[in-house]
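As structure tokens, the structure follows; a few thoughts come after it.
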Amino acid sequence: MIYGVSLTPGLTQVGEITISPWLEDLIREYQQEISAPSRPGRLILLASMLAILSPFLLRLDRAAYPSEPDKQQALELCGRADPTFVRFFASERDACYARVINRAARAAADTEQRR
């Protein structure tokens with residue numbers, strides 16, 4: 001019996017509600033899940049994983065979203081030009097920078113030739 005008064009074998013009455021055995025088992029199971037003590041080991045594991053991975057994630061974020069305006073513009077251009085471009089891959093960023101620098105160099109050379 002969870003709480004309440006036992007009526008007949010298998011039935012429990014709580015206030016004005018009669019609870020059958022299967023519902024009583026379900027309620028008992030639910031209450032055990034709620035009252036189960038928290039597991040500090042999982043919390044410690046999660047915190048240590050975040051501490052270990054945070055420098056890597058911050059470095060990846062800084063590389064994918066650079067603070068230099070030229071690199072920001074280059075990545076934006078590459079993202080617009082190629083829908084499959086993924087700025088989180090170093091090889092794709094490097095190829096993007098090379099393409100944009102080559103375009104800028106060609107544009108500068110063309111401007112110089114026109115003068």
Side-chain angles (χ1 to χ4, degrees):
M1 176 170 46
I2 301 169
Y3 47 85
V5 179
S6 180
L7 295 173
T8 59
L11 290 179
T12 304
Q13 183 165 1
V14 179
E16 296 180 17
I17 301 172
T18 303
I19 299 176
S20 64
W22 67 270
L23 187 56
E24 186 174 359
D25 291 341
L26 185 66
I27 292 171
R28 184 177 296 114
E29 205 174 300
Y30 181 70
Q31 285 178 335
Q32 287 174 353
E33 286 179 15
I34 291 175
S35 64
S38 64
R39 301 201 174 138
R42 288 184 184 177
L43 183 60
I44 292 169
L45 178 65
L46 179 62
S48 61
M49 286 175 59
L50 284 174
I52 291 169
L53 291 176
S54 63
F56 170 75
L57 295 174
L58 289 173
R59 192 174 26 232
L60 178 63
D61 186 61
R62 281 189 219 116
Y65 296 96
S67 58
E68 298 89 0
D70 295 339
K71 288 185 177 183
Q72 287 176 356
Q73 289 175 350
L75 292 176
E76 287 174 23
L77 287 171
C78 290
R80 279 189 247 136
D82 181 10
T84 63
F85 173 73
V86 179
R87 64 173 57 214
F88 290 102
F89 297 145
S91 59
E92 291 198 26
R93 284 193 308 270
D94 294 340
C96 173
Y97 296 145
R99 280 193 308 268
V100 171
I101 288 170
N102 287 338
R103 270 192 231 152
R106 276 186 267 147
D110 290 344
T111 304
E112 285 296 322
Q113 287 177 355
R114 289 182 192 162
R115 288 183 186 181

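Quick note: residue numbers are just sequence positions, from 1.
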With hydrophobic residues grouped by side-chain heavy-atom distances under 4.5 Å, do F88 and F85 end up in a single group?
no
From R80 atom CZ to L75 atom CG, the distance as rounded to the nearest 0.5 Å:
11.0 Å
Transitive ILVMFWY side-chain link L60 to V86, under 4.5 Å
yes
Taking all non-hydrogen atoms of both residues, which atom of C78 and which atom of R99 are closest, and how far apart?
SG-NH2, 3.5 Å
Please find the pair of heavy atoms, one from A74 and one from C96, that lie closest to each other, and give the distance.
O-SG, 3.2 Å
List the atom of A64, the atom of R87, and the distance in Å for their closest heavy-atom pair.
O-NH1, 2.7 Å
Residues Y97 and P66: closest non-hydrogen pair is OH-CG, 3.9 Å
Distance from L53 atom CG to L58 atom CG, nearest 0.5 Å?
10.5 Å
Please check this pair: side chain of Q72 against backbone of Y65, looking for a donor-acceptor N/O pair closer than 3.5 Å.
no
